[in-house]
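All remarks here apply to the structure that follows.
Quick note: numbers below take in every heavy atom, side chains included, and nothing from hydrogens, waters or symmetry partners.
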Amino acid sequence: MTLSISQAAKAVLQQLYSPGRFLWRLPAAQPTVALTFDDGPDPVHTPALLDVLAAFGVKATFFLVGEKAEKHPELLRRMAQDGHQIGGHTWAHREIVGMSHAELDLELTRCRDIIAKASGIDSRLFRPPRGRVDLASIRRVCGQGYCLVHWTKTYSDYKKDGIENLLRRFRGNRPVARDIVLLHDHNEDTIAAMRTLIPEWQAAGITFSALPD
């Protein structure tokens with residue numbers, strides 16, 4: 001399998017491992033949209049995003065880098081208090097393909113431990129940096145009891161190419177029920193887009209939920 005996983009391959013993997021081990025689309029029994037935010041926490045932009053989510057009553061999921069989480073435990077406490085889900089994104093944002101068993105175990109457990117210490121959430125959710133995986137790394141992560149989370153839609157907000165471009169991409173491919181949406185909480189354009197789009201989506205009947213753990 002290549003490092004870029006097709007949607008068909010993701011569907012097969014979810015059937016093979018079950019949604020409790022590999023998740024890329026929400027189960028049919030959960031017809032909501034899951035907003036997920038990677039690479040945080042960011043001391044400037046994450047609080048602003050949490051304010052936006054709270055204003056509209058939206059629960060989301062944050063995949064955190066362990067070394068950043070260690071520096072900002074107060075943000076993890078707020079995420080938990082606000083009812084959001086938290087998952088790991090490795091300790092140092094390292095791609096997991098090609099890691100030894102020992103390296104991968106350390107990246108996973110260090111991140112999980114700091115999340116649990118700061119937030120009280122002992123999460124099995126894990127998203128690989130840049131989504132890069134192969135069959136060996138998938139087996140290792142799932143075999144250690146984690147749920148590897150991919151996504152159905154992403155909008156390239158990492159480009160930081162302006163709010164109008166980002167809004168255009170969102171409106172050209174609006175999330176639908178059961179989507180898992182990949183975003184990042186270190187970009188002011190993303191926060192501005194959420195402030196504009198969440199009420200539009202809610203008016204259109206879209207509801208949101210955090211990922212199940």
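Under a 4.0 Å N-O distance rule, the pair E200/R174 does not qualify as a salt bridge.
For P199, the side-chain contact (heavy atoms from CB on, under 4.5 Å) criterion is met by F56, not counting sequence neighbours. Judged as a salt bridge (charged side-chain N to carboxylate O under 4.0 Å, His left out), and not counting sequence neighbours, the contacts of R78 are D51, D82. The ring pair (Phe, Tyr, Trp, His ring centres under 6.0 Å) check on H72 picks up nothing, with sequence neighbours excluded.
Rounding to the nearest 0.5 angstrom, the gap separating the OG1 atom in T90 from the CG atom in L104 is 9.5 Å. Distance check: L148 CG to L125 CG gives 10.0 Å after rounding to the nearest 0.5 Å. We find the CG-CD1 distance between D122 and I86 to be 11.5 Å, quoted to the nearest 0.5 Å. If you take CH2 on W151 and OG1 on T36, they are separated by 8.5 Å, rounding to the nearest 0.5 Å. Here the CG-CG distance, from L197 to L167, works out to 5.0 Å after rounding to the nearest 0.5 Å. We find the CG-NZ distance between L53 and K59 to be 9.0 Å, quoted to the nearest 0.5 Å.
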Query - side chain to side chain contact (heavy atoms under 4.5 Å, CB included) evaluation trace for T61 with R127 - result: CA-CA 11 Å; T61 302; R127 175 170 283 158; over 6 Å; no
Requested in this report: Begin with the C-alpha distance, continue with both residues' side-chain angles, and end with the deciding distance and a verdict on side chain to side chain contact (heavy atoms under 4.5 Å, CB included) for T190 and L166.
Outcome: CA-CA 8 Å; T190 303; L166 183 55; 4.2 Å; yes
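In this structure, T152 contributes its side chain and R25 its backbone to no donor-acceptor pair below 3.5 Å. Looking at R94, its side chain never comes within 3.5 Å of a backbone N or O of E103 through a donor-acceptor pair. D189 contributes a side-chain N or O that, together with a main-chain N or O of G162, makes up a donor-acceptor pair within less than 3.5 Å. A side-chain donor-acceptor contact under 3.5 Å links Y155 to the backbone of N173. The main-chain N or O of V133 is never found under 3.5 Å from a side-chain atom of S137 such that the two would form a donor-acceptor pair. The backbone N or O of A92 sits less than 3.5 Å from a side-chain atom of E107, completing a donor-acceptor pair. With hydrogens and angles ignored, the 3.5 Å screen pairs no side-chain donor or acceptor of H45 with any backbone N or O of N187. Without hydrogens or angle criteria, S119 side chain to R77 main chain gives no donor-acceptor distance under 3.5 Å. For the pair D105 (side chain) and A102 (backbone), a donor-acceptor distance under 3.5 Å is absent.
Here the side chains of W91 and E70 are in contact, with some heavy-atom distance below 4.5 Å. Two residues are said to be in side-chain contact when any heavy atoms from C-beta on lie closer than 4.5 Å; N165 and R168 meet this criterion. For the pair C147 and D213, the minimum side-chain heavy-atom distance is 4.5 Å or more. Residues R169 and D161 have side chains in contact (heavy-atom distance under 4.5 Å, counting atoms from C-beta outward). Here the side chains of F170 and K153 are not in contact, with every heavy-atom distance at 4.5 Å or above.
When all heavy atoms are compared, the tightest approach of Q30 to S209 is NE2-OG, 2.8 Å. What you find for V33 and V176 is that their closest heavy atoms are CG2-O, 3.2 Å. When all heavy atoms of H89 and D39 are compared, the pair lying nearest together is NE2-OD1, 2.9 Å. In terms of heavy-atom proximity, G66 sits nearest to C111 at N-SG, 3.7 Å. Taking all atoms of both residues into account, the shortest heavy-atom contact from P175 to I206 is O-CD1, 3.4 Å. Of all non-hydrogen atoms in V149 and P128, the two that sit nearest each other are O-CD, 3.9 Å.
Checked against H84 for a ring pair (Phe, Tyr, Trp, His ring centres under 6.0 Å), the options F37, F63, F62 give a single hit: F62. With respect to T46, the side chain to side chain contact (heavy atoms under 4.5 Å, CB included) criterion is satisfied by exactly one of L76, L64, D185: D185. Applying side chain to side chain contact (heavy atoms under 4.5 Å, CB included) to D42 and the options H186, E188, K68 leaves one that passes, H186.
Relative ring orientation between W201 and F208 is described as tilted, the plane-to-plane angle lying within the 30° to 60° band. Under the 30°/60° scheme for interplanar angles, the aromatic rings of H150 and F22 are found to lie parallel.
Cluster annotation: F126 and M99 are assigned to the same hydrophobic cluster (Ile/Leu/Val/Met/Phe/Trp/Tyr, side-chain heavy-atom contacts under 4.5 Å, transitive). Linking Ile, Leu, Val, Met, Phe, Trp and Tyr whenever their side-chain heavy atoms come within less than 4.5 Å puts I163 and V181 in one cluster. Follow the hydrophobic side-chain contacts under 4.5 Å out from I121 and you reach L50 in the same cluster. Side-chain heavy atoms closer than 4.5 Å link hydrophobic residues (I, L, V, M, F, W, Y) into clusters, and following such links, possibly through other members, connects L35 to L49. Using a 4.5 Å cut-off between side-chain heavy atoms of Ile, Leu, Val, Met, Phe, Trp and Tyr, with links allowed through other members, L182 and Y158 fall into different hydrophobic clusters.
No more than 12 heavy-atom neighbours from other residues, nucleotides or ligands sit within 6.0 angstrom of NZ on K117.
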